[in-house]
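Report on the structure given below.
Residue numbers start at 1 and run along the sequence shown. Given the structure is predicted, the values throughout are model-derived calculations rather than measurements.
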Amino acid sequence: SGPPNMTYGFATPPHGQAQMSTPNHTANYRSPQQYSPQVLCPTTPTVDCWGWMGGGQAGTQPGQLAVNPATSTIPMPSVISFDQILKQELKDFEGACAAVGGPVGQLAKHVSAVWKEQRAMIDKAIKMKRPSYDNMAEILAPTEKALMRVESAAGELADEHPDFKNHLQMIAGAMSSMGWVTSCEPKNLISDALNAVPVFAKYVEEKEGPEHAALVKSLKALLRTLRAYADKYH
C-alpha cells in the first residue's frame, strides 16, 4: 500500500508566539514535529536561535536596526553562507526536479521562492536588535506565504498528476524544515524534517529511471546542508 495522504495547515501561531507553522499530517504518518517536539524559546514571542540577548547598539529599541547604516549593505557571513546553499545545493535540487520534469519541476519553482524569501528574512533579522512579536510576524510573513504556495501547488499538482503524488508530498513535507528560524533547537527541527523524508522517498525511488533516486539524494543533501548552516550560525 502507498503512503498516507497529507494535509497542510498554516495556522496562526498560538498564544501570540512568533512560530512558523509546520505541515499537519493525517493517518499514521508522523510529522517532523512528532519525531521530536519542537522546543520554542521560553522568551517567546521573540525568537532566540539568532542569539538575540537584548543587546544591540546603545539607544536602539526592539526591532530597530543595530548596525551602522553605512555598512548595512555589506552581506554578513551567515548571509554569504546561505547564498552558497542557494548557488549549490538548492541549484542541484532544482536540477534534479527538472530532470524528473512535469509537476515536480513546477513545484521546484515554488520551493525556490521559499528559500529566497528566507534568505531575505535572515538578512533583515541579523541586523535587528531583539524584535517584538509584531517585528517577527512581519519578517516571517513572506516566507510563510511562500510556504503556503508550496502547499497549494503540491495539492493541486498531486490531483492532476497522481503518478507524482509521492514526489510532491515528499518535497512539500520537507519544507517544514524552513520553520527552523522560530526554534531554539533549529538543528533538531531540521533533522526531524530530514528523518521524515524516507516516508515518501521509498516510493519515489521505486520509480524507473535514475532521476527519481537522484531527486531524493539532492533533497536530503539540501536539508543536511541547511542543518549544518543552522548549527554553525544559530
Side-chain angles (χ1 to χ4, degrees), residues 1-11 20-38 85-86 88-115 118 143 146-180 187-228 230:
S1 60
N5 293 326
M6 296 170 60
T7 57
Y8 295 83
F10 292 87
M20 290 180 63
S21 47
T22 52
N24 297 320
H25 304 266
T26 57
N28 296 321
Y29 177 72
R30 295 199 300 171
S31 72
Q33 273 191 307
Q34 292 172 314
Y35 280 97
S36 177
Q38 180 177 352
I85 300 177
L86 300 185
Q88 185 62 57
E89 284 78 17
L90 180 62
K91 185 176 181 180
D92 291 343
F93 170 74
E94 291 170 341
C97 289
V100 174
V104 176
Q106 295 178 51
L107 186 62
K109 296 177 181 178
H110 296 287
V111 170
S112 297
V114 173
W115 284 77
Q118 186 157 99
T143 303
L147 282 168
M148 292 178 70
R149 286 194 290 270
V150 170
E151 168 205 355
S152 177
E156 293 173 2
L157 290 168
D159 289 340
E160 297 171 4
H161 307 274
D163 288 347
F164 290 95
K165 187 175 183 179
N166 292 321
H167 298 66
L168 300 168
Q169 291 181 327
M170 175 185 71
I171 294 170
M175 290 305 100
S176 65
S177 61
M178 305 307 278
W180 70 270
K187 180 181 177 181
N188 290 342
L189 188 144
I190 298 168
S191 291
D192 293 339
L194 180 60
N195 291 338
V197 169
V199 172
F200 294 101
K202 61 183 179 181
Y203 299 100
V204 172
E205 293 173 327
E206 290 176 354
K207 289 278 189 177
E208 292 186 14
E211 66 273 17
H212 302 285
L215 173 63
V216 173
K217 183 178 179 180
S218 68
L219 178 59
K220 289 181 177 179
L222 181 60
L223 296 188
R224 290 189 182 109
T225 305
L226 178 63
R227 180 175 60 185

How close do [X] and [Y] get, counting heavy atoms only, and between which atoms?
X    : Y    : value
A230 : I190 : CB-CD1, 3.8 Å
M175 : V111 : SD-CG1, 3.7 Å
K202 : E206 : O-CG, 3.1 Å
M178 : Q118 : O-NE2, 2.9 Å

Discussion item. Can you pull out every side chain to side chain donor-acceptor pair (under 3.5 Å) where at least one residue sits in residues 92-105? Sequence neighbours excluded, please.
Written reply: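 For residues 92-105: Q88-D92, E94-S112.
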Discussion item. Run the side-chain contact (heavy atoms from CB on, under 4.5 Å) test against A113 and tell me which residues pass, sequence neighbours left out.
Written reply: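 Testing A113 for side-chain contact (heavy atoms from CB on, under 4.5 Å), a comparison that skips the adjacent residues, returns none.
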Could you check if a side-chain atom of [X] sits within less than 4.5 angstrom of a side-chain atom of [Y], using non-hydrogen atoms only?
X    : Y    : answer
I171 : C97  : yes
K165 : F200 : no
H212 : Y203 : no

Discussion item. I'd like to check the side-chain hydrogen bond (donor to acceptor under 3.5 Å, both in side chains) partners of E205; sequence neighbours left out, ordered by chain and number.
Written reply: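 Partners of E205 by the side-chain hydrogen bond (donor to acceptor under 3.5 Å, both in side chains) criterion come out as none, since no residue qualifies.
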For residues 218-226, which side-chain donor-acceptor pairs fall under 3.5 Å, sequence neighbours excluded?
unit_1, atom_1, unit_2, atom_2, d
S218, OG, A214, O, 3.4
S218, OG, L215, O, 2.8
T225, OG1, A221, O, 2.8

Worksheet item: CG/N188 to CZ/R227 distance, rounded to the nearest 0.5 angstrom?
Response: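 Output value for this atom pair is 9.5 Å.
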Practice prompt. Under the ring pair (Phe, Tyr, Trp, His ring centres under 6.0 Å) rule, collect the residues that match up with F164, sequence neighbours excluded.
Written response: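 So F164 forms a ring pair (Phe, Tyr, Trp, His ring centres under 6.0 Å) with H167.
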Practice prompt. Spell out, as yes or no, whether a donor-acceptor pair under 3.5 Å connects the side chain of K217 to the backbone of A96.
Written response: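 Flag not set: sc K217 to bb A96 has no pair under 3.5 Å.
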Between side-chain atoms of residues 100-110 and protein atoms elsewhere (two or more places apart, or another chain), which donor-acceptor pairs fall under 3.5 Å?
none

